[in-house]
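For reference, the structure is listed below as structure tokens.
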Amino acid sequence: MAVLVNPGEHDTVVVVDFGAQYSQLIARRVREARVYSEIVPHDASLEEILARSPKGVILSGGPKSVHVPGAPGIDQRLWDAGIPVLGICYGAQLMAQSLGGTVAATGVGEYGRTPIRRLGPSVIMSDAAEDTEAWMSHFDSIVSPPAGFSVVASAPGAEVAAFEAADRALFGVQFHPEVAHTPHGQDMLHRFLHDVCGCRPTWTHTSIIASAVEAISAQVGPDRALCALSGGVDSSVAAALVATAIGERLTCVFVDTGLMREGESEQVEETFRRQFGLDLIHVKAADRFFAALSGLTDPELKRKAVGETFIRIFEEVALEHSDARYLVQGTLYPDVVESGFGKAEVIKSHHNVGGLPETMDLDLVEPLRSLFKDEVRAVGEELGLPEEILWRQPFPGPGLSVRIVGEVTRERTEVLRAADAIVVEEIRRAGLARQLWQAFAVLPAVRTVGVMGDERTYAYPIVIRAVESEDAMTADWARLPWELLERLSNRLVNEVPGVNRVAYDITSKPPGTIEWE
Ligand code: XMP
């Protein structure tokens, strides 16, 4: 069974998901208020919700209209279950409609920042000014609240922008308090969470660590665990947490594929062997990976070759450590939510570390299963992991092999690694590292003619790729300053032997992908 971080001592608020992006943002805002939140799908039964002993329930926004046939609903017993409920946007419309109010397709939708006016006393809006703003995104409008509810705010296109029945602890807001564009939005959530639900603000980073360590110790007992460490933030924080719980009974396996970025394997070694004193098996397997990649040019065959070699090596190590019963994985909460609440999440985390054997008889330990990425970083910081690991940009499992177009050889890998290190260094120096999703170098499978000194050269071009993105599903090519591009061009040609030209990739995703292969 997977470890859940909350073993029961934190007050819980359940977010009912009517549209995954809305619900994740709400759940994160609740956590920022130091209250533990869990997301459940909208078709979860009332019994499933009650099983979490929630102190409050939040109904999220969603893309549907309550009038569309088959629009998602909610168990009507919720309103009288004695638990405070806050409905947001679609959730508010659902509350209004279910309890006898009116939701109409008025034809006047509202999108974006909208002025709202407070009307009379309110529990959740008590911190808001009389005239304020809120972020709206709705087409249908609540035109009359249910009996027993008072309207506490209105907007030009939403007569009932907020309504409440404080005696029943039921609240609805047409706007989005979870969005940064709603000033006082977080205050409203605070009022709901702390004043109405009575939640204690115990969900702090130290308490996350304490709960996780307790849960890991309870799950693993006296047994041993293995962890495939990739050097990325997720597997590193997962390993550090498990190490805190079970110490030397954790063996970390770091497979150095020879396809890592510059300094990456030294960083992992330094952090985990020296700083954490962990049992770290550093498998230096570059020869095996280059042999497996030899002669391959097809991107999918290259990926497969790297993945399979990784699995074989991990299996060999596991065989030597056959007393281990557990495998540590860095699965995150968004993976759990987005894969349908626990059905396919393992596939994605395997993918993250370059593929792990599916047939190995090891139970999973997933200490990050209920954490968002920002929480993972905060926990890592608290545990003392270095900034280079915590803020490392995403890096594909097959490593540099998918950034070397054509055949991957040792010589071409060295050229790319050196070029990539310059790109990373200059981006960091320009203060852009955290604002860019990724910035790296690509080595195409061509050579070009140049002239250096009085000599004709025939060498590789380097392509710089830098993108901004929220989630890698779409990406925009970054408008890097000309001066930065100029410095990169000079340094790459002058400092990396074998490079005589630099190009900048100005393709967004779609139509391009972020990686070249
Ligand atoms: P693309 O190139 O599809 O990449 O736009 C989207 C994001 O995923 C990363 N990526 C991978 N990550 N194994 C991984 O763990 C892979 O095989 C892989 N391929 C791409 C990529 O770096 C980007 O952040």
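Counting starts at 1 for both ligands and their atoms, following the listed order.
- By the 6.0 Å contact criterion, NZ on Lys284 is open, its count of non-hydrogen atoms from other residues, nucleotides or ligands being 12 or less.
- Contact atoms of ligand 1 toward Lys509: 1 (P), 3 (O), 5 (O), 6 (C) (distance under 4.0 Å to a heavy atom of the residue).
- Considering both main-chain and side-chain atoms, Gln438 comes within under 3.5 Å of ligand 1 through a nitrogen or oxygen pair.
- When the heavy-atom distances from atom 1 (P) of ligand 1 to Ile514, Asp471, Val402 are ranked, the shortest goes to Ile514.
- A donor-acceptor contact closer than 3.5 angstrom links the side chains of Ser235 and Ser230.
- Against a heavy-atom cut-off of under 4.0 Å, Pro398 is close to the following atoms of ligand 1: 13 (N), 16 (C), 17 (O).
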Worked check of salt bridge (Lys or Arg N to Asp or Glu O under 4.0 Å) between Arg412 and Glu407: CA-CA 9 Å; Arg412 299 188 73 211; Glu407 191 181 358; over 6 Å; no
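- For ligand 1, the atoms lying closer than 4.0 Å to a non-hydrogen atom of Trp437 are 24 (O).
- Numbered from 1 in the order shown, with element, the atoms of ligand 1 that lie under 4.0 Å from a heavy atom of Ala472 read 6 (C), 7 (C).
- Heavy-atom proximity to atom 14 (C) of ligand 1, evaluated over Pro510, Gly512, Gly399, Gly397, is greatest for Gly397.
- The shortest distance between side-chain heavy atoms of Arg274 and Glu269 falls below 4.5 Å.
- Open room surrounds NZ on Lys64; 12 or fewer heavy atoms of other groups in view lie less than 6.0 Å from it.
- With ligand atoms numbered from 1 in the order given, ligand 1 contributes 1 (P), 2 (O), 5 (O) to contacts under 4.0 Å with heavy atoms of Thr513.
- With a 6.0 Å radius and a threshold of 12 heavy atoms from other residues, nucleotides or ligands, Arg410 has its CZ atom above the threshold.
- Note on ligand 1: Trp516 sits outside its first shell, no heavy atom being nearer than 4.0 Å.
- Separation of atoms CD (Glu468) and OG1 (Thr474) is listed at 11.5 Å; rounding is to 0.5 Å.
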